[in-house]
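First the structure, in the form of structure tokens, and then the observations on it.
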Number of protein chains: 2
Amino acid sequence: MATASKAGTPAPPSAPKGRGRRGARTSGDDRERAILETAERLLEERPLAEISVDDLAKGAGISRPTFYFYFPSKDAVVLTIIDRLVANAAEGREEILTTLAENGPRAGLRKSLENLYAAFRSRPGVVRAGSDLRPTNGEARDLWGAVMESWVADVTAVIEFERGRGAAPAGPPAREMAIALVQMNERAQYATLLGEAPSLDRDRVLDVLIDIWLRAIYGTPEPG
Amino acid sequence: MATASKAGTPAPPSAPKGRGRRGARTSGDDRERAILETAERLLEERPLAEISVDDLAKGAGISRPTFYFYFPSKDAVVLTIIDRLVANAAEGREEILTTLAENGPRAGLRKSLENLYAAFRSRPGVVRAGSDLRPTNGEARDLWGAVMESWVADVTAVIEFERGRGAAPAGPPAREMAIALVQMNERAQYATLLGEAPSLDRDRVLDVLIDIWLRAIYGTPEPG
DNA sequence: GAACTCTATCAACACTGTGTCGAGAAGGTC
DNA sequence: GACCTTCTCGACACAGTGTTGATAGAGTTC
């Protein structure tokens, strides 16, 4: 989902990048990495709005103008980090339908969601930054929208499958239900991760969410 | 919930205001109103980040320094507007337990939620501004947190009542379920209102949300 | 009607942060 | 050693925020 300048292979001399560096060949990759690392570190310390381009430059041992040689803006740095985090989360992901079939609804759902949120839970600062970016940055909106969409598609498939085999009763269109459920998860997980006002305890979120999912999809908290 | 300088009565000479004006007596109330109206108008045109203090001042026919005579910051203006919108939404609100008892679960829930979201639906720009403010403004976070909390409390009471009279089966602690459900509603309504990436259609949101609520709380979409 | 006190107003300033420009240094290549 | 290319930064131009200080005018008060 979206590009992320990997450098396993030498990388074609002129990659059409939006964020990240332009030419790219030798060192200075170190600088780029230093900037990203600085950003990740600072984001776990304070919100994005309180981090300036100068902070990132200083942290990477370069001057502010030099920062702009590597990234077009502060947002671009954050987007790169999020790109990678999302790719990371998508990587360890197994086919949800398979997981459900193998473990049964409750345990399967739990396994899938636990796996999904593991990557995010380890970097709350990055998650917050992504969320902070959405209001002002269209690219951030699109990126997160695409992530949500892929989850919705998966969940829609699950609901349709379960209804098809008679394990789940009829109800609102599967996709509509999937959207609402995925949105609930996003909101609840986010609130918990950041310790918002009314939010669920860290070790209770998943239990509660899964219970609602099961009741919504199967009509009972303990399906077949 | 939180102050909002009303001026029905002459208002005590020294009201301890955080936002809004200080002394307050004669005209210049016009100016304050002009600023608020300008802000509301502009917010329906473009996001908060693209509105400067200067825009608000110009719109109200005053200079930028004069703006600061009336409000300590741009955020304060938005918070005042949101304060009023929230108060407005809370105003037309009836006891949810009563509404449920009179109309039955499905219709009662529908009536309550429709009523609740009516105020917000008419001013999407203000809602977005409030949401945009949360990342950077603690007061905005607290305000919205308090709103959420009051809804959660109501819903918790409903769930406990329905379980008590045997209409709803046991399940996770009522408050936990209430938090997740209220969060789902917030997220879904917001996404729909702003026409986000994956979101429910305007005329379907409530149906879908209510269906999930009923299944989650009663175990069936058509409780007695 | 002069002295006094408020509210209300703004030009000019100080500051913070962003992004750009143009002049170079440092290294590789022919 | 002339010549790219990568990389670096001082100095600038801008946009926006919030403050200061001086001042205009309206309304007492004696």
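In the text below, chain A, chain B and the rest are named by the order of the sequence lines, each starting its count at 1.
Separating the CZ atom of A:Phe67 from the C1' atom of C:dT20 is a distance of 14 Å, rounded to the nearest angstrom. Rounded to whole angstrom, the span from the CG atom of B:Asp75 across to the P atom of D:dG16 amounts to 16 Å. Separating the CG atom of B:Leu48 from the C1' atom of D:dG16 is a distance of 14 Å, rounded to the nearest angstrom. One can place CZ of A:Phe71 at 13 Å from P of D:dC7, the figure rounded to the nearest angstrom. Whole-Å rounding puts the A:Lys58 NZ to C:dT18 P distance at 12 Å. Rounding to whole angstrom units, OH of residue A:Tyr68 and P of C:dG19 are separated by 4 Å. Between A:Asp54 atom CG and C:dC15 atom P there is a gap of 17 Å when expressed in whole angstrom units. Remark: P of D:dA15 and CG of B:Asp55 are 13 Å apart, rounded to the nearest angstrom.
With hydrogens and angles ignored, a donor-acceptor pair closer than 3.5 Å exists between the side chain of A:Arg64 and the base of C:dG19.
Residue B:Thr66 places at least one side-chain N or O closer than 4.0 Å to OP1 or OP2 of C:dC10.
In plain terms, the two heavy atoms of B:Leu109 and B:Leu100 that are nearest each other are N-CD2, 3.8 Å. When all heavy atoms of B:Arg93 and B:Asn115 are compared, the pair lying nearest together is CA-ND2, 3.6 Å.
Once rounded to the nearest 0.5 Å, the distance linking OG1 of A:Thr80 with CD of A:Glu40 reads 10.5 Å.
Across D:dG10, D:dC7, C:dT18, the shortest atom-to-atom separation from the side chain of A:Tyr70 is found for D:dC7. Of the candidate nucleotides C:dG19, D:dT17, D:dC9, C:dG19 has the atom lying nearest to any side-chain atom of A:Ser73. When distances run from any side-chain atom of B:Val53 to the nucleotides D:dG18, D:dG10, C:dT18, the shortest one goes to D:dG18. Picking from D:dG10, D:dT19, C:dT9 the nucleotide with the shortest atom distance to the side chain of B:Pro65 gives D:dT19. Of the candidate nucleotides C:dC10, D:dG16, C:dT7, D:dG16 has the atom lying nearest to any side-chain atom of B:Ser52.
No donor-acceptor contact under 3.5 angstrom links the side chains of A:Trp151 and A:Asn185, judged on distance only. Side-chain atoms of A:Ser52 and A:Asp55 include a donor-acceptor pair closer than 3.5 Å.
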